[in-house]
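These notes are about the structure you will find just below.
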Amino acid sequence: MGLKILFVSAEVSPFYKTGGLADVAGSLPLTLKKMGHDIRVVMPEYKLIPAEYRKMLKHICHFRTILSWRNEYIGINTLEYKDMQYYFIDNKSFFYQDNIYESNAKHIQYALFCKAVLDMLPHIEFKPDVIHCNDWHTGPLCLYLKEIYNNEFYNGIKTVFTIHNLKYQGQFGTEIIEDVLGLNFYEHYYRGDIIHDGLVNYMKMGIIFSDIVTSVSKTYVEEIKTPYFGEGLDYALRMRGDKINGILNGLDYDEYNPAHDQDIYCTYCISNLEGKALNKQRLQEELNLQVNSEKPIIGLISRFYEQKGLDLIMAVIDEIMSLGLQFVVLGTGETKYENFFREYEWKYPDRLSTNIKYDHSLAKKIYAGSDLFLVPSRFEPCGLTQLISLRYGTIPIVRETGGLKDTIRSYNEFTGEGNGFSFTNYNAHDLLYTIKRALDIYQNKKVWEILLNRGMESDYSWNKSAREYLDLYSELVY
Ligand code: ADP
């Protein structure tokens, strides 16, 4: 018998995306649905959802959600898209804003979202077997379900909580325990189950109150149980012990498919790689780089934050640029990184192209047109960019951490094994050495073709990982 699952996420591709979470929320449920389960997805109805989707929304019901002394209107709008039922939680005061993640009211937004999702269920007459929560935005849902929603309708519903990035925890002053969460201050403050470092911590709620905790690669699961990677919550994770499951993210193989991709300059596949060469040429033209098929292009698509290892690039940029390559950068984030790449584009105008923006279509063109792709992260829970690169025949250079370690095996010239290049220590010269090594191998067209084919043939689709999630859901339900 099929399972009933509600997938809850603060962002879902293609409606709203800032990172990998949206990719996962946009693709894992589709795979589970194809496997015969009744899965539905819910997210807040943000102002930034593109008009093309917004105008297709259908209003199905509205009610009021109580959040401490607040009594808020909640509208439930729905959309059937690609055979999936999406629900959007509408509340103009809290979700209809330009920079949703910059808001000062995040503590209210996501507590309200969590409660509204639970309140919605009887209205839409859907009692899921499992609610799959994702990241700190959904931590309060796990708590509410266990502590407050214990009437007949909700009894028996289980929760899975997936950590996509432990760095972002949703930490707020303790005054919100009563004023926002509507919980008894003394009970929760002294029990310590929602407090970390003297602050209310939404991520910790998910870790403590869910039935099963997962994260997005086996290596990251082990890493975050240690103080170095644990972001202060390693003790809470260790308390859950072996029960934390590492399930690698998959990729939406329909969305990222060079054989059909309408965003790239021309489509190609493993048996016809001429298209890849043409993508490279057109990318060079569009970004005003010297058009030269012999010059290796290294791509970098990233949020510009410390996590992503950009400091390593900053430390050896002149050495990297002296290697006779072209470097294409796309990303946004911290000003110091944006300005750094702008400055070096000015220094190396025909070799370094800096694109400070969020541009899905250009991202695809870079995956398709580059030869190598750089992911030097300080830590990386799973990482999707290295998987997308492989799919487009672009060889990743990664640091061995989290999901990067679990998906990329460094090329071994003696055995011929491997699907990319990697280095262990967070060290700029190790990065530089690895780029040099990759460029040496790039000169050997025979070996390069093998690596490129191997990447394109590998299977990082959702099929295997979705089955692992299903096993977990079943473990909870049956
Ligand atoms: P994270 O979730 O930490 O940002 P992931 O590697 O899991 O990292 O996912 C990043 C996703 O966001 C990929 O799909 C990547 O292509 C996309 N992305 C990141 N920055 C940009 C950008 N500036 N423009 C377009 N897509 C981007």
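Note that the coordinates shown come from a computational prediction; the quantities given were computed from them, not determined experimentally. First listed ligand is number 1; within each ligand, the first listed atom is number 1.
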Proximity to ligand 1 by part of Asp359, non-hydrogen separation under 4.0 Å: backbone
With a cutoff of 4.0 Å, is Tyr305 in contact with ligand 1, counting heavy atoms of the residue only? no
Tell me, which protein residue and heavy-atom name are nearest atom 5 (P) of ligand 1, and how many Å apart are they? Leu384 N, 3.7 Å
Report yes or no: does a heavy atom of Gly331 sit under 4.0 Å from some atom of ligand 1? yes
of all protein heavy atoms, closest to atom 27 (C) of ligand 1 is Tyr358 CE1, 3.4 Å
Side chain, backbone, both or neither: which applies to His164 and ligand 1 if a contact is any heavy-atom pair less than 4.0 Å apart? neither
Close approach of Asn249 to ligand 1, heavy atoms, under 4.0 angstrom: no
Ligand-side contact atoms (ligand 1) for residue partner Lys357, heavy atom cut-off under 4.0 Å: 22 (C), 23 (N)
Which distance, rounded to the nearest 0.5 Å, do you find between the NZ of Lys34 and the CE of Met84? 9.0 Å
Taking the non-hydrogen atoms of Gln386, is any one of them nearer than 4.0 angstrom to ligand 1? no
Spacing of CD1 belonging to Ile388 relative to CD belonging to Glu255, to within rounding of 0.5 Å: 8.5 Å
Can you sort out which atoms of ligand 1 are near Ile388, meaning under 4.0 Å from one of its heavy atoms? 14 (O)
